[in-house]
Structure formats: structure tokens, C-alpha cells
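Whatever order the structure lists ligands and atoms in, that order sets their numbers, starting from 1.
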Amino acid sequence: MNRRFLAKLILAFLILILNDFVKFVEPVVLTFIVFVFILYIFYDEINLKKIRIDQLIRQYQQEMNIVNKESSLRTKQLESIISNINFPMVLIDQHAQILLVNDNFLKLNNITEIKQLNENSPLHSELRNFMREAFLKEISNQKTMSIHQQDYSALSIPIYENGRYMGCLYIFQNITYILERERIQKRFIADASHELKTPVSAIKGMIEIINRPNFNDEEILRDFHQQIEIETKRMENIIQDMLTLSRNTAKNVLLNIENFNPYQLINDVIRSQQSNIQQKLLHVENNLSEHLVIEADRDKFYHIFSNLLSNAIKSSTQGTIRFESSMDDRFLSIKIQDEGVGMRASEIPYIFERYYRIDESRSRDTGGSGLGLAIVKTYVNAHQGTIEVNSKVNIGSTFTCNFPIRIVNKA
Ligand SMILES: Nc1ncnc2c1ncn2[C@@H]1O[C@H](COP(=O)(O)OP(=O)(O)OP(=O)(O)O)[C@@H](O)[C@H]1O
Ligand SMILES: [Mg+2]
């Protein structure tokens, strides 16, 4: 028989006898009996509901597990994206707690472990101020800052969800190289216009004189032709040197390393300047070891010693120019010694600066632009080498280049 039907029968029976029953039984006991009956009547439904609630809880737990798995997968994906991105990055939540951070950001702040960030975080002060301001104002901001001698472009991106501020993402891009290139370009344009102005105005002046209606002096014409040729050659050299310098700083010179014999290289350098050597009746000696073979960039070596020889020739009116070499386990030193005009000790520190010429008038006569030694230093440094100068006025100069390079053959 249906349990609910049976219960109703009992309840009806109870109500019928209630009046008499109350007389014998205490009301508390009666209430208890009624409660037990009600429980009995609804037991099935309660049980059913409990089973349903259990099922719902299980379902909810399963869904939560899926959501948790998905969210931890997404966090892992985000973490791996952020850690693989080359820029320092950090993501903080609306309570200024760090959610995600990559190693590059830690390195930028000289931090080894993430936990140091949440302690008394030793962030770089300018970076910290930038982060704090962007976080408090909830703004997208961009600022260039210098951290450990490097230039960074800092970017803040506030994050909103359904209009609610959820935190801020910060990205720092190292722009040192870009700014350096900009500086080089600006300097190149300024240097080029400054350096080319002099020969251009000289040529312009001569052409104006030649173009005068009654000009017919053959001798001056010949002289002007010669000077125009010299000035043009000078401009060509300046442009060539400036292009070399604008492309190359010691950091970005690309070396093309090969095996070569420096004795032969110096012979080639001397041969290329033979006419200037003979004109001045100078004597040039190549005292390098004939069978020496080294590993270095041949073209850059050629440029270095060609510049140094041209300086030695320009500074000498007589005497001998000598190339010598010496070496130990790690270094090859090649020096060039002249018996020319020499330099005062106070001038030596400046000669490697661009456009520095000790005697402007003499250097102009010799056609120099003051870029040669700047290029020499760039190329020596690109080989991790150093260059030393010893000089005495009216006695002569010695330039010594020391290269920590591999010597393939000493014999
Ligand atoms: N061997 C040397 N003896 C004396 N002075 C020198 C010697 N080498 C260089 N100098 C001085 O250093 C200056 C700078 O040399 P650098 O080679 O840079 O320029 P430059 O020879 O004048 O021009 P460029 O090499 O660009 O044609 C020279 O103008 C000269 O005054
Ligand atoms: Mg020079």
C-alpha cells in the first residue's frame, strides 16, 4: 500500500480519536508523535531531495574542476607567454599584488627571486614611481627612462573587466640601440654638413672667379683646377670616412675573421702609399716576422695600418718609418714608429676624437679631416684590442696596437 495513503488514514484516525487521546497523553508527547508521522509521510520526498542535492553538488564540483583546470591552463599559458617575451614584463592586480612577472623584469631590477618583490621590493626608483603613478591613476602611460646605463621605454596598460579596474600590465622595452642609432644619425648629418661646408665654399669661390667675364689668367686657372681636384678628393675622403664611422661603433662592427699573414698585409699597405713615401724621400721598413699567420679581420687591419702609415707620412719630412711586431701567448703587438713632428703629451688624449687635428692649418694642407684615428680606434676595439701612443715633439711618434688574437703560426 502507498505509504502516503496509509499515513493519511492514520492521521484521519488520529484526528478522530484526538479529543479522547488528548485527555490521556501529554501535549508534548502528542506533538512528538505528530512530528514522527509527518517525517514518515515526507521521508521519501526528503530522501529524494537529498539525493538530488548530492547530485547537484557532485555536478557543481565537476564543473568547478573543469573551470579550475581551464583557468590554471590559461594561467600557465599566460606565464609561458610572459616568460618567453623578450621584454621585462609584470602584471599586478587591483590590490597591487603581483600576478605574473617574467625573469627579464627580475633581472632589470637585479632581483633573483620573485618573493623578494613582495617583500621590501628593491625596484629601481624611477621604474617604481612610474608603476605607482600609472597604477593609482589607472592610466595608460609611456615614459623613457634610464636603468643601469640602458635606455628603456616603459609602457603601462590598465586592465578593465566589465568596466571594473582589475590591475595593470607593465612592459619595458630596451631602446638603447634605437636611441644610439638616432644619435649617430643626427651626429652624422651635423658632422657631414659642417665638414663639407669648407671645401664646398672653397670650390664655389674659385668657380665664381673663373666665371667672371674678363677672367683669362691661364696660370690661376691651372692652379684652381689643381685645388678643385684636391678639394674634391678631400670631400670624397671625408664622405667615405663619415660613412665608415656612422656605420661602425666598436660594438656593432661585424668582424670577418680569417687567417692571414700580417707581414704581407703591411707590405700591401706600404705599396699603396708608395708615391707619397717617394715624394717625401722617406724610408719605410717592414720588420714583422715574415711567416706570422694570425686570425683576425684582414680588411679592418688594412684600414688600421693604412691610416697609421698615412699619418706617419703626413707628419714626417725626413727619416725612416718602421713597422715592428712582438707577441706573447695572448697578445700580438704591432707598432709603427716615425721620426716626424711628434705631439705634445697634452694633445695625445684628444687625437682619437672625431675631427680633432692638432695643427688645423697643417692638417688642412695635408688633406686630413681628423676622422682617421677615430676609425682606427673603433677597429682596434672591435678586436678587443688597445692602442697606445708615445710621442715627443720633433723626435717622432710611436703608435702600438695590442690585439688579444689567435696566432696561427709564429715561425
Ligand atoms: N704620427 C703622427 N705624428 C704626429 N701627429 C699625428 C700623428 N698621427 C696623428 N697625428 C695628429 O692627430 C691628428 C688626428 O689624426 P687623424 O688620423 O684622426 O686625422 P687626420 O690624419 O688629420 O685626418 P684623416 O686621417 O681623417 O685624413 C692629426 O691631425 C695630427 O695632428
Ligand atoms: Mg689620419
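- Side chain of N286 to backbone of L288: a donor-acceptor contact under 3.5 angstrom is found.
- Other residues, nucleotides and ligands place more than 12 heavy atoms under 6.0 Å from the CZ atom of F331.
- Interface atoms of ligand 1 facing Y356, defined by a heavy-atom separation under 4.0 Å, are 13 (C), 14 (C).
- Taking the side chain as every heavy atom from C-beta outward, F130 and Y170 approach each other to under 4.5 Å.
- Between E347 and R344, at least one side-chain nitrogen of the basic residue sits less than 4.0 Å from a carboxylate oxygen of the acidic one, meeting the salt-bridge criterion.
- Per-residue contacts place I358 under 4.0 angstrom from the following atoms of ligand 1 (heavy atoms of the residue considered): 11 (C), 29 (O), 31 (O).
- Which parts of ligand 1 touch K314 is read off a 4.0 Å heavy-atom cut-off, strictly below it: atoms 20 (P), 21 (O), 23 (O), 27 (O).
- Per-residue contacts place M343 under 4.0 angstrom from the following atoms of ligand 1 (heavy atoms of the residue considered): 4 (C), 5 (N), 6 (C).
- For ligand 1 and D338, the ligand atoms under 4.0 Å from any heavy atom of the residue are 1 (N), 2 (C).
- For atom 4 (C) of ligand 1, the candidate residues are S315, S316, A374; the nearest heavy-atom contact is made by S315.
- In this structure, Y152 has its ring center no closer than 6.0 Å to that of F172.
- Between F215 and D217 there is a side-chain heavy-atom pair separated by less than 4.5 Å.
- Side-chain contact between Y302 and S272 is present, with heavy atoms from C-beta onward closer than 4.5 Å.
- The Mg ion (ligand 2) has N311 among its coordinating residues (N/O/S atom, backbone or side chain, under 2.8 Å).
- Taking every non-hydrogen atom of G370 and a distance limit under 4.0 Å, the qualifying atoms of ligand 1 come out as 18 (O), 19 (O), 20 (P), 22 (O), 23 (O), 24 (P), 26 (O).
- Counting heavy atoms from C-beta on, the side chains of I111 and L123 come closer than 4.5 Å.
- When heavy-atom distances to ligand 1 are checked against a 4.0 Å cut-off, F399 comes that close only through its side chain, counted from C-beta outward.
- Set against the non-hydrogen atoms of L373, the atoms of ligand 1 under 4.0 Å away are 9 (C), 15 (O), 16 (P), 17 (O), 18 (O).
- Inclusion of V341 in the set of residues having an N or O under 3.5 Å from an N or O of ligand 1 is not warranted.
- Each of the following atoms of ligand 1 lies closer than 4.0 Å to a heavy atom of I351: 12 (O), 14 (C), 18 (O).
- More than 12 heavy atoms of other residues, nucleotides or ligands lie within 6.0 Å of CG in D54, so this atom counts as buried by the packing criterion.
- When only interatomic distances are considered, the shortest N/O to N/O separation between L371 and ligand 1 falls below 3.5 Å.
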